[in-house]
Amino acid sequence: MDKTLSIVLPSYNEEQMIEKTTETITDLMEQEGIPFELIFVNDGSKDGTWEEILKQKDINPHVKGVCFSRNFGKEAAISAGMDQAAGACVAVMDCDLQHPPETLVTMYRLWESGFQVIEGIKASRGKESLIYKMFAKTFYKIISNATGIDMSRASDFKLLDRQVVDEYLRLPERNVFFRALSSWVGFKTTYVEFDVQQRTAGKSKWSFKSLARYAVNNITSFSAAPMQIVTFFGFIFFLVAVILGIQSLYMYFSGHAVEGFTTVILLLLFVGSVLMFSLGVIGYYISKIYEEVKMRPRYIISEIVGTDID
Ligand code: UDP
Ligand code: MG
């Protein structure tokens, strides 16, 4: 039976890491006697990442490379890697070695013992600023509520059985959130803790803006709760309106109706901003529907090397 492990490595501007990562993983896998393939997905890097991948492919028979026509994001890169993976199980890991390769071996052994989804859980979150920590905490709280799974220590470091990968790839939506969807698909799951390593070269691709976009994007693709907040506001406003209505009528009939102009202005401003906010939320969801109905592919490949179909 084929027991090959396909390792998917999304890479964006990682020219300094490709060689080191390839060598580290190759050494470890050979030492452990695990049959494997390395699938680098160059996510439209602006540096020499693709050239580095080609170089490694020429000297290392395990290396495959997929090149995107532009930057499509990490989620798209993960999908593309899984699409190209030929192994009996597929692991996804960052190519900056922040996900320790030794954990990969542990995951593989668990897979051999019959688990189909092995999730990497962050034992510690590594070095992060206070604001970042708070931001991440809020995001994961919302996502955890939406999915019903504790996501606060979840990561993209996972190993999936072929059956799970095929189900994942069958999902028709454009906006995928790998971290949460791997638990959504189900199957026999277990967890492995790992310590997030320091990045040795290059730098993190996340800016505050990209993180904010990532958070909103994933919350809305997993949960309709923000839309329901609109209904909730509507209900509260209805209650307030009834109370104020009764009060106004009382004032009118008791003969001092002109006062309370401040209340009117405040209400107007308040209702106006809530309405605009609500419309914004609805607009956001509509734009997501619009994106999905266009049915565009998740990514476009410009070049493939080393795989069966190159
Ligand atoms: N990455 C990617 N496309 C992007 C951004 C990042 O494929 O648009 C890859 C990146 O090369 C790395 C992984 O995703 O392998 C994690 O990125 P990074 O190390 O910048 O994130 P962090 O570890 O800081 O969360
Ligand atoms: Mg990293």
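Everything quoted here is computed from the prediction, not taken from an experiment. Counting starts at 1 for both ligands and their atoms, in listed order.
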- request: Please report the closest heavy-atom contact between Ser45 and Asn13, naming both atoms and the distance.
  value: OG-N, 2.8 Å

- prompt: Which atoms form the tightest heavy-atom contact between Phe178 and Glu75, and what is the distance?
  reply: N-OE1, 2.8 Å

message: Please output the residues near ligand 1 using a strict heavy-atom distance under 4.0 Å, listed in chain and residue-number order.
response: Pro10, Ser11, Tyr12, Glu14, Asp43, Asn71, Gly73, Lys74, Asp94, Cys95, Asp96, Gln98, Arg199, Ser204, Lys205, Trp206

message: Students often mix this up, so state it plainly: with edges at 30° and 60°, are the rings of Trp111 and Tyr108 parallel, tilted or perpendicular?
response: tilted

query: Which of parallel (below 30°), tilted (30 to 60°) and perpendicular (above 60°) describes Phe157 and Phe194?
result: perpendicular

task: Let me know which of Lys57, Glu30, Gln56, Met29 forms a side-chain contact (heavy atoms from CB on, under 4.5 Å) with His62.
output: Glu30

Heteroatoms of the protein, restricted to N/O/S, which lie under 2.8 Å from the Mg ion (ligand 2): Asp96 OD2, Gln98 OE1

Approximate separation, where rounding is to 0.5 Å, of Asp83 CG and Ile301 CD1: 7.0 Å

Quick one: does any side-chain atom of [X] pair with a main-chain N or O of [Y] as donor and acceptor, under 3.5 Å?
X	Y	result
Thr189	Phe187	yes
Ser155	Gly120	yes
Arg174	Met295	no

